[in-house]
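Working notes for the structure below.
Proteins get letters first, then strands, A, B, ... in listed order; numbering begins at 1 in each. Just so we're clear, the structure is a prediction, and the values are computed from it rather than from any experiment. Worth knowing before you read on, the calculation uses all heavy atoms, side chains too, and leaves out hydrogens, waters and symmetry mates.
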Protein chains: 2
Amino acid sequence: MENSVLSWLQPDAQRFFRENAIVRHLNSGDLIYDDEAVVTHTIFPHDCVISIMAEMADGRSVEKASIGREGFVGLPVILGGGRTFGRCVVQVPGKASWLSVADLDVALQEFHCVRQVMLRYAKSFTLQLMESVACNSLHTADQRVVRWLLHAHDRVDGDTFYLTQEAISNLLALRRATVNAACSDLQQAGGISYHRGHLTITDRQILQSRVCECYDRVRRAALCTAP
Amino acid sequence: MENSVLSWLQPDAQRFFRENAIVRHLNSGDLIYDDEAVVTHTIFPHDCVISIMAEMADGRSVEKASIGREGFVGLPVILGGGRTFGRCVVQVPGKASWLSVADLDVALQEFHCVRQVMLRYAKSFTLQLMESVACNSLHTADQRVVRWLLHAHDRVDGDTFYLTQEAISNLLALRRATVNAACSDLQQAGGISYHRGHLTITDRQILQSRVCECYDRVRRAALCTAP
DNA sequence: AAATGTGATCTAGATCACATTT
DNA sequence: AAATGTGATCTAGATCACATTT
């Protein structure tokens, strides 16, 4: 299974998902859910990245959380609400499994492991959020850019993915010029290369030497959802 | 019941908590749990405020989340982990009900409503975190100070509570001088008054007119945990 | 000592603006 | 047009430091 949450299910539950979920390709910029929309499908990314965005009254926005193959979109369903936590937008294109909430309810009834694995992701997601709260108040623009790139790299297949500097600046609520400076630095150091939105991680070591400790903590939290 | 989560339980579950929980007074600065400590008790504040702090390797720290009568300390227990999300410290002194995890397990078994109400708080807590992620990257020091004060006011009894400017500066990772400027302004505007750590909200309207929209969203999320 | 007030100076990242390349 | 590069200038909040009041 390309999605970690699904991969940790028991074989029979996995079969249920394989038979009932639909695999879709998601394009950069696709709006999955508006803020506080009713969740009709839970979405398990294979190799895409989906952002939950905050939109302020004055029009400014930032990413509140990002979701990749380590998790799924639709947590409110199991926390007992059913409405999304924010505008869900595709940042890095790729594939994802979509399961309707009706089918999910069946799976929750039939397979004990489904709720358990989902709640474990809720915990890891909470840790991601907490780290982001701290990171946003303590760490530099450079560190935050690198952290986003490393998380993205963990979530896609291969070393190249589609993501413009403009997009990064919107995610982190930074000026594009600030992101450009960060990316130029990384490119000169040999860590990344990019060309009109096609970004390649050429040397992870270099990124890891510049990222804040938040990266590793979030990464470890995501791995801890394994049984 | 002085704690909202407990107040939303069924009468028989409430009785269980009243009979088995211990009410303790918590002092400013008390360390409840270290980071990643095993949760032995779930703690339901009556009129105190507890912060979950992030501690970075270089010694800097910020508040990741705060908990008052709208919630409880020990969420990891029901998300299937059992270790705290960070250093839990008493910020505003007051009383709280402590229930051992062993007793909580009994309550979870016997009273269906306990898990349900706790999960609903998990959702509201997640919304608090998401808002803080956004707030920390978009809003000013002044707005963040006011927001903290309004949330505190919602959680205590009366209009006066113990909280120094130094403490606020540690919570928000701001300089004490910055917090002092914010507080002086508020005092001059007639919104608050303070004297050696004793802070009084003299006019909520003034605070509300200066706070960012995050305050209201978090407040509403906390109220939505009601049945 | 603990809490608060304030002043001089620096800097990361902002606003505003324009230029280049595919 | 979409993506990237860069320059002049401003500012919120930082660092560093010291002073006052209970």
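- In this structure, B:Asp142 atom CG and D:dG13 atom C1' are separated by 10 Å, rounded to whole Å.
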(request) Tell me, with the steps shown, if B:Leu104 and B:Val77 meet side chain to side chain contact (heavy atoms under 4.5 Å, CB included). (result) CA-CA 9 Å; B:Leu104 179 71; B:Val77 169; 3.8 Å; yes

(request) If a protein heavy atom is under 4.0 Å from the base, mark B; if only from the sugar-phosphate, S; if neither, -; do that for nucleotides 2-8 of chain D going 5' to 3'. (result) BSBBB--

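- Nucleotide D:dG13 holds its P atom 12 Å from the CG atom of B:Asn136, rounded to whole Å.
- Heavy atoms of B:Ala173 sit under 4.0 angstrom from primed sugar atoms or phosphate atoms, though from no base atom.
- B:Phe72 and B:Phe44 have parallel rings, their planes meeting at less than 30° on a 0 to 90° scale where 60° marks the start of perpendicular.
- Counting only distance, with no hydrogens or angles, the side chain of A:Arg144 and the backbone of A:Leu172 share a donor-acceptor pair below 3.5 Å.
- Using modelled atom types, no side-chain atom of A:Lys95 and backbone atom of A:Glu2 make a donor-acceptor pair closer than 3.5 Å.
- Using a 4.0 Å heavy-atom criterion, one finds that B:Ala167 contacts no nucleic acid atom at all.
- The closest side-chain donor-acceptor pair between A:Ser66 and A:Arg155 falls under 3.5 angstrom.
- Taking atom NE2 on A:His139 and atom P on D:dA14, their separation rounds to 14 Å, with Å as the unit.
- A donor-acceptor pair under 3.5 Å links the side-chain atoms of A:Thr84 to the main chain of A:Asp34, judged by distance alone.
- Base-pairing analysis of DNA chain C finds the following stems of at least three consecutive Watson-Crick or G-U pairs, with both pairing distances under 3.5 Å: C:1-22 with D:1-22.
- Qualifying side-chain hydrogen bond (donor to acceptor under 3.5 Å, both in side chains) partners for A:Arg204, counting only residues two or more places apart in sequence or in other chains: A:His153, A:Asp154, A:Tyr215.
- Considering B:Ile52, B:Ile32, B:Val49 in turn, B:Ile52 is the only one that fulfils the side-chain contact (heavy atoms from CB on, under 4.5 Å) rule with B:Ile67.
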